[in-house]
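This report concerns only the one structure given below.
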Amino acid sequence: MVEFNTVYNRRNTNCSKWDSIKDTYGEEDLLPLWIADMDFKANPPVLEALKKTVDQGILGYSPAPTSLYEAIQSWQKRRHDYSVSKEAILFNSGVVPSLSIAVQAYTKPGDGVLIHDPVYPPFAKVVEQNNRKLVRSSLLIEQDHFVMNLDEMEKQIIAENVRLFILCNPHNPGGRVWKKSELETFGKLCAKYDVLVISDEIHQDLIFAPHVFTTFTNVHPTFKDFSITLTAATKTFNLAGIKNSMIFIENPDLRKKFVDVQEQNFQNEINIFGYVGTEAAYENGDIWIEELLVYLTENINTVIEFIQSELPQVKIMRPEGTYLIWLDFSAFGLSDAQLQQQLVHKGKVVLNAGITFGPQGTQHMRLNVACPKETLLEGLRRIKHSFE
Ligand SMILES: Cc1ncc(COP(=O)(O)O)c(C=O)c1O
């Protein structure tokens, strides 16, 4: 049984989650439940593999080994029923850098790029920083979870010269695990208007039964022609600092365009720890991830029970995947700045401000539950105290 209850002191370890908030907010003793990494140690075989690499003592240039391709292919097949071909697999130092490369490779300045609202903030940033036209389609809420607004999307695709859609599958911050049927309808809409789909699947392994993850490319035999998949072992296995991600591109023309931009920027080599950590994670991760999902489910239940009994004004979106919970604080009638102020300076707890995920995120917050239960309960008490 993996031990997820241990509380580690991450302060003064130069980690973004715990150490950057003092500078940001000017306060000591803030409790961080924000950025998406976990307060759990990585799986021991992964740490062993990394140590073994250090023990070699010489850390020269290093290509991706065949065994890494095999580990990725095996993981994708056994966990997601996706037979990714070896030639389709590319590497990069992160999913966000790959998003930027994709925008540069497949669109030109001024082209429309569609994203959902709300969605993971770097989606908007990579579009805007590359001088493409950002188009946001508001997600709708039905039966307490997000659904896509396909009618609005179709109108936007036509009106805004949309060439690319960046999909978050599963969805951050809402935790939606898009169903195969939803992805099929969405994909057919994109195909109808020649819109390429970049499917960010970094949360693909963090899925709670009975929900089932479907890789976009796998939904229909034709979808691989107009889509690329971005994923990584780093989110699943809490290895964000080793900076490695994969890009799966089955269509050779799309692959060439991506590689051309990667090579223009000399971005096609990954650090050795990224390769080693990813391979070890996929080779040894099945039991660890199953146990993690049990622990995260308990934490999600804890949040839901606490909010329902102690802060019933807050609406919760139960995640179907990811370790993130989307909370609606609109009942308090506070501005986004007031909401943040109150949580940070009164409650001494840091969540991600919903407004950073897009205009629809106003008066919302994103809570990260990937921490020991003790830390989570302390965070929940602090959230409650913010409103007393
Ligand atoms: C949807 C999504 N994509 C990408 C990332 C970050 O990926 P990377 O660290 O590989 O750039 C995150 C991190 O939380 C995320 O939620």
Side-chain angles (χ1 to χ4, degrees), residues 15-17 20 32-40 42 72 89-103 113 115-127 129-130 136 139 146 164-178 197-207 213 215-216 228-248 258 262 265 267-271 273-275 277-278 281-282 296 317 319-326 350-354 356-358 361 365-371:
C15 71
S16 303
K17 190 175 186 178
S20 68
L33 299 173
W34 65 298
I35 195 170
D37 74 26
M38 310 196 256
D39 292 330
F40 307 131
I72 293 167
I89 302 173
L90 305 171
F91 296 95
N92 198 21
S93 59
V95 167
V96 175
S98 298
L99 286 172
S100 194
I101 291 173
V103 166
V113 180
I115 64 172
H116 282 137
D117 173 20
V119 81
Y120 178 58
F123 284 19
K125 279 195 200 136
V126 295
V127 176
Q129 284 174 3
N130 283 296
R136 298 182 198 255
L139 289 168
F146 282 129
L164 195 72
F165 192 103
I166 307 179
L167 175 70
C168 199
N169 175 34
H171 180 254
N172 168 10
R176 237 354 272 292
V177 177
W178 306 111
V197 176
I198 311 300
S199 189
D200 176 340
E201 305 189 351
I202 197 168
H203 295 275
Q204 62 177 202
D205 300 304
L206 299 160
I207 310 295
F213 167 78
T215 198
F216 178 79
I228 76 168
T229 307
L230 312 181
T231 195
T234 52
K235 189 71 47 197
T236 312
F237 294 101
N238 206 26
L239 304 167
I242 66 171
K243 303 302 289 178
N244 179 35
S245 76
M246 283 81 71
I247 308 101
F248 303 145
F258 191 96
Q262 242 188 332
N265 291 290
Q267 278 191 349
N268 46 340
E269 283 183 4
I270 304 305
N271 82 68
F273 298 106
Y275 290 140
T278 299
Y282 283 156
L296 294 176
M317 196 173 273
E320 300 167 349
T322 80
Y323 48 72
L324 309 165
I325 306 189
W326 192 233
V350 180
L351 282 70
N352 283 89
T356 60
F357 293 78
M365 285 278 161
R366 191 194 71 177
L367 171 73
N368 174 351
V369 303
C371 58

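Everything numeric in this text was worked out from a predicted model, so none of it was measured. Just so you know, ligand 1 is whichever comes first in the structure, and atom 1 is the first atom listed for that ligand.
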How far is [atom] from its nearest protein heavy atom, and which residue and atom is that?
atom                    : result
atom 7 (O) of ligand 1  : Ile202 CD1, 3.4 Å
atom 3 (N) of ligand 1  : Asp200 OD2, 2.6 Å
atom 10 (O) of ligand 1 : Val95 N, 2.7 Å
atom 6 (C) of ligand 1  : Tyr120 OH, 3.3 Å

[X] side chain near [Y] side chain, heavy-atom distance below 4.5 Å:
X      : Y      : result
Val96  : Val126 : yes
Phe91  : Ile72  : yes
Thr215 : Phe248 : no

Report yes if some N/O of [X] lies less than 3.5 Å from some N/O of ligand 1; otherwise report no.
X      : answer
His203 : yes
Val96  : yes
Ala232 : no
Asn172 : yes

Between CD1 on residue Ile198 and CD1 on residue Ile228, distance to nearest 0.5 Å: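 Between Ile198 CD1 and Ile228 CD1, I get 4.0 Å after rounding to 0.5 Å.
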
Gap between atom OG1 of Thr231 and atom CE of Met246 - 0.5 Å precision: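 Atom-to-atom, Met246:CE and Thr231:OG1 are 5.5 Å apart.
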
Check each atom of ligand 1 against the heavy atoms of [X] and keep those under 4.0 Å away; list them by number with element.
X      : result
Gly94  : 10 (O), 11 (O)
Ala36  : 14 (O)
Cys168 : 1 (C)

Heavy-atom donor-acceptor pair, His171 side chain to Gly174 backbone, under 3.5 Å: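 Between the backbone of Gly174 and the side chain of His171 there is a qualifying donor-acceptor contact (under 3.5 Å).
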
All side-chain hydrogen bond (donor to acceptor under 3.5 Å, both in side chains) counterparts of Ser245, not counting sequence neighbours: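 With neighbours one apart ignored, the set is empty.
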
Set of side-chain hydrogen bond (donor to acceptor under 3.5 Å, both in side chains) partners for Asn244, sequence neighbours left out: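 side-chain hydrogen bond (donor to acceptor under 3.5 Å, both in side chains) check on Asn244 returns Thr278.
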
Proximity winner for atom 14 (O) of ligand 1, if only heavy atoms of His171, Lys235, Lys243 are counted: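 Checking each option, the heavy atom nearest atom 14 (O) of ligand 1 is found in Lys235.
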
